[in-house]
Novice: 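Just dropping this structure here.
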Amino acid sequence: MLTAMGFATIAVVLLLLLSNRVGAVVALVGVPVAAAFALGFGPGEVASFVGEGIGGVASTTAMFVFAILYFGVMRDAGLFAPIIRRVLGFAGNTPVTVAVATVVLAMVAHLDGAGATTFLITIPAMLPLYDALGMRRVVLAALVGLGAGIMNMLPWGGPTARAATVLGVPANELWAPLIPAQLAGMAACVAVAWYLGHRERVRLAAADPLPSPVPVGGGRPGGTAGEGGADPLAAGGQEPDADLLRPRLYWVNAALTVAAVLALVFGLLSPELVFMLALVVALVVNYPGMKAQTDRVNAHASGAILMASTLLAAGVFLGVMDSSGMIEAMGQAMTGAMPGFLGPGMAAIVGVLGVPMSLLFGPDAYYFAVMPVLTAVGEGFGVAAADIAQASIIGQETVGFPISPLTGSFYLLVGLAGVPIGSHIRFLLPWAWLVSLVVLAVALASGVVPLWVG
């Protein structure tokens, strides 16, 4: 019963999100809670599931709220307008250059292995440029996701560390043989960026009458973000209100922003505390006085609260699915249903299915619940546990994590970029899967992942 209800719950949630029939909050809260009650759990048990889930995303939610407010204040003060003009001049208004720069910047930013940090650094920097050029925001979200995803294979990234923990081996032991495959994946990401940039250039040159990119929920770019949409730089392609500009404080604001980013990258403070403190300094320096500070917070509060509600709803979804046992039951059912004749090729199969499986299993659920079952089944066919782990790292919550609604950073990605969840998944899924297959092909060719055992 747990297995069937788990698959049904995820299927309904994905259907609702992909079809944009209801808001993310409705799908993420209503469906799993209804499923839990249908399974016979009592109100107290469901409440505990929800509490555990919300506790898991509380810090991410706080970070996101204060990041939105901080970047909103920086935009009001005029920090980003000169940057946009300079980058536009450097790129020569060329979508191809901008697209390639986006994925490279995401790779560099993700060297610390933290998706939230990567998205907070990359998207606010590139979003105004995309809006100014008329490039679609869904392309921005996809390229940032690809760049972060391929770098998530690093040994200090979440998936590799989890896989190593399960196997009881050093993370570097799993990652080092995959370096050539990861490099091939990075090259594939750049190639995808070039192609998407070229496609955007053709579209813009043809003056294709596509609708303007809108934040989740249908808000206007440059206006208040809709449901699940963030507004840190929502009006990036527009000039800020002249009365709010602080040109004399430009370098002070730039130094403050650089300091905040460095604190994030080097983990000097927790991300939520970084943005809390940065916002306090930004308000005091740029807009002294209670009324001015309250006005700036209120100006950006709508997007912050709406995105916070989506993150908290995601916590409800994750908490119910995990604590109820549905995720674990799904993993055992999937492995038990595999035909025996496919057993010797299990590692390659896991590698092929890694990205789409990211839609079903979050990193903890997969690596701590599903992968141990897969390794046990694989060993019965002579497939080493390390082979299963390395095949998993190729796509599951690495290249696949930017499309996974089971991770908090996914909502950060789509929220900051201001794109509908369904549109983002539909657009990025084939490109992420393609990159993972390139990585898998190199891993198979180099013998790291066996195509067949026996």
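Counting begins at 1 with the first residue of the sequence. Source: prediction; values computed, not measured.
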Novice: Which residues pass the side-chain contact (heavy atoms from CB on, under 4.5 Å) test with E173, sequence neighbours left out?
Specialist: V169, P170
Novice: Tell me which pairs pass salt bridge (Lys or Arg N to Asp or Glu O under 4.0 Å) where either residue lies in residues 296-319, with sequence neighbours left out.
Specialist: D76-R296
Novice: List the atom of T160, the atom of A171, and the distance in Å for their closest heavy-atom pair.
Specialist: CG2-O, 3.8 Å
Novice: Tell me if a side-chain donor or acceptor on T3 pairs with a main-chain N or O of A329 at a distance below 3.5 Å.
Specialist: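 The answer is yes, because a donor-acceptor pair under 3.5 Å joins these two groups.
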Novice: How about D387 and V449: do any of their side-chain heavy atoms sit closer than 4.5 Å?
Specialist: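 SC-SC contact between D387 and V449 ruled out.
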Novice: Counting only heavy atoms not in W175, do more than 12 sit closer than 6.0 Å to its CH2 atom?
Specialist: yes
Novice: Do W431 and Y195 make the cut of ring centroids closer than 6.0 angstrom?
Specialist: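 Yes, they do, as the ring centres are separated by less than 6.0 Å.
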Novice: Flag the pair T9 / V320 as yes when at least one side-chain heavy-atom distance between them is below 4.5 Å, and no otherwise.
Specialist: no
Novice: If the condition is ring pair (Phe, Tyr, Trp, His ring centres under 6.0 Å), which residues does F49 pass it with, not counting sequence neighbours?
Specialist: F41
Novice: Who pairs with F37 by ring pair (Phe, Tyr, Trp, His ring centres under 6.0 Å), at least two apart in sequence or on another chain?
Specialist: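 Partners of F37 by the ring pair (Phe, Tyr, Trp, His ring centres under 6.0 Å) criterion come out as none, since no residue qualifies.
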Novice: Which residues pass the side-chain contact (heavy atoms from CB on, under 4.5 Å) test with S446, sequence neighbours left out?
Specialist: V448
Novice: What I'd like to find out is whether the side chain of E200 reaches to under 4.5 Å of the side chain of V96, using heavy atoms alone.
Specialist: no
Novice: Would M371 and R162 count as a side chain to side chain contact (heavy atoms under 4.5 Å, CB included) if you check the C-alpha gap in whole Å, the side-chain angles of each, and the deciding distance to 0.1 Å?
Specialist: CA-CA 10 Å; M371 198 184 80; R162 287 177 176 88; over 6 Å; no
Novice: Can you name the nearest heavy-atom pair linking L178 to A443, along with the distance?
Specialist: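 So the minimum-distance heavy-atom pair works out to CD2-CB, 4.1 Å.
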Novice: Where do A347 and V383 come nearest, in terms of heavy atoms and distance?
Specialist: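 Closest heavy-atom pair between A347 and V383: CB-CG1, 4.1 Å.
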Novice: Could you pull out the closest heavy-atom pair between S358 and G395, with the gap in Å?
Specialist: OG-O, 3.6 Å
Novice: Return the minimal non-hydrogen interatomic distance between V138 and S423, and the atom names on each side.
Specialist: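 Shortest heavy-atom contact: CG2-O, 3.9 Å.
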Novice: Quick one: pull up CZ in F317 and CG in L312 and give me the separation to the nearest 0.5 Å.
Specialist: 15.5 Å
Novice: Between I123 and L412, does a side chain to side chain contact (heavy atoms under 4.5 Å, CB included) hold up when you go through it step by step?
Specialist: CA-CA 10 Å; I123 295 178; L412 186 64; over 6 Å; no
Novice: Who pairs with R201 by salt bridge (Lys or Arg N to Asp or Glu O under 4.0 Å), at least two apart in sequence or on another chain?
Specialist: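 Per chain and number, R201 pairs via salt bridge (Lys or Arg N to Asp or Glu O under 4.0 Å) with no residue.
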Novice: Return the CG to CG distance between L434 and L429, rounded to the nearest 0.5 Å.
Specialist: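 Interatomic distance, L434 CG to L429 CG, rounded to 0.5 Å: 11.0 Å.
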Novice: Looking only at side chains, do S323 and E52 share a donor and an acceptor under 3.5 Å apart?
Specialist: yes
Novice: With sequence neighbours left out, which residue pairs that include part of residues 388-402 fulfil the side chain to side chain donor-acceptor pair (under 3.5 Å) condition?
Specialist: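 Passing the test, one end in residues 388-402: Y366-S392, E397-S404.
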Novice: Could you please spell out the steps behind the side chain to side chain contact (heavy atoms under 4.5 Å, CB included) verdict for V439 and I150?
Specialist: CA-CA 9 Å; V439 177; I150 192 63; 3.8 Å; yes
Novice: Quick check: does any side chain N or O of W194 sit under 3.5 Å from a backbone N or O of A99, one acting as donor and the other as acceptor?
Specialist: no
Novice: Residues in side-chain contact (heavy atoms from CB on, under 4.5 Å) with A101, at least two apart?
Specialist: none
Novice: Less than 4.5 Å apart, any side-chain heavy atom of M135 and any of L204?
Specialist: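 The answer is yes, as the side chains (C-beta and beyond) meet within the 4.5 Å cut-off.
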Novice: Run L69 and V73 through side chain to side chain contact (heavy atoms under 4.5 Å, CB included) and show every step you take.
Specialist: CA-CA 6 Å; L69 296 177; V73 169; 5.5 Å; no
Novice: Tell me, do L146 and L428 make a side-chain contact under 4.5 Å, heavy atoms counted?
Specialist: yes
Novice: OG1/T102 to CG/L129 distance, rounded to the nearest 0.5 angstrom?
Specialist: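 Rounded to the nearest 0.5 Å, the OG1-CG separation comes to 7.5 Å.
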Novice: In chain order, what residues pass the side chain to side chain donor-acceptor pair (under 3.5 Å) check against E379, with sequence neighbours excluded?
Specialist: none
Novice: Do the side chains of P405 and V13 get nearer than 4.5 Å, heavy atoms only?
Specialist: no
Novice: Mind checking the CE-CE spacing from M153 to M186? Nearest 0.5 Å is all I need.
Specialist: 10.5 Å
Novice: Under the salt bridge (Lys or Arg N to Asp or Glu O under 4.0 Å) rule, what pairs show up with a residue in residues 140-153, not counting sequence neighbours?
Specialist: none
Novice: Rounded to the nearest 0.5 Å, what's the gap from OG1 on T257 to CG on L262? Could you check?
Specialist: 11.0 Å
Novice: Compute the ring centroids of H424 and F410, then answer whether they are less than 6.0 Å apart.
Specialist: yes
Novice: Quick one: CG on L2 to CE on M321, what's the gap to the nearest 0.5 Å?
Specialist: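 L2 CG to M321 CE: 9.5 Å, rounded to 0.5 Å.
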Novice: For Y130, what residues pass the ring pair (Phe, Tyr, Trp, His ring centres under 6.0 Å) criterion, not counting sequence neighbours?
Specialist: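 For Y130, no residue satisfies ring pair (Phe, Tyr, Trp, His ring centres under 6.0 Å) once neighbours in sequence are set aside.
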Novice: State, with a plain yes or no, whether a side-chain heavy atom of V12 is found less than 4.5 Å away from one of L16.
Specialist: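 When only atoms from C-beta onward are counted, L16 and V12 do touch, with a gap below 4.5 Å.
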Novice: Using every non-hydrogen atom in the two residues, find where V399 and P402 come nearest and quote the distance to one decimal.
Specialist: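 Where V399 meets P402 most closely, the heavy atoms are O-CD, 3.1 Å.
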Novice: Apply side-chain contact (heavy atoms from CB on, under 4.5 Å) to S409 and list each qualifying residue two or more places apart in sequence or on a separate chain.
Specialist: F119, F401, T407
Novice: Got F66 and V274 here, is their nearest side-chain heavy-atom distance under 4.5 Å?
Specialist: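 With C-beta onward as the side chain, the pair stays apart.
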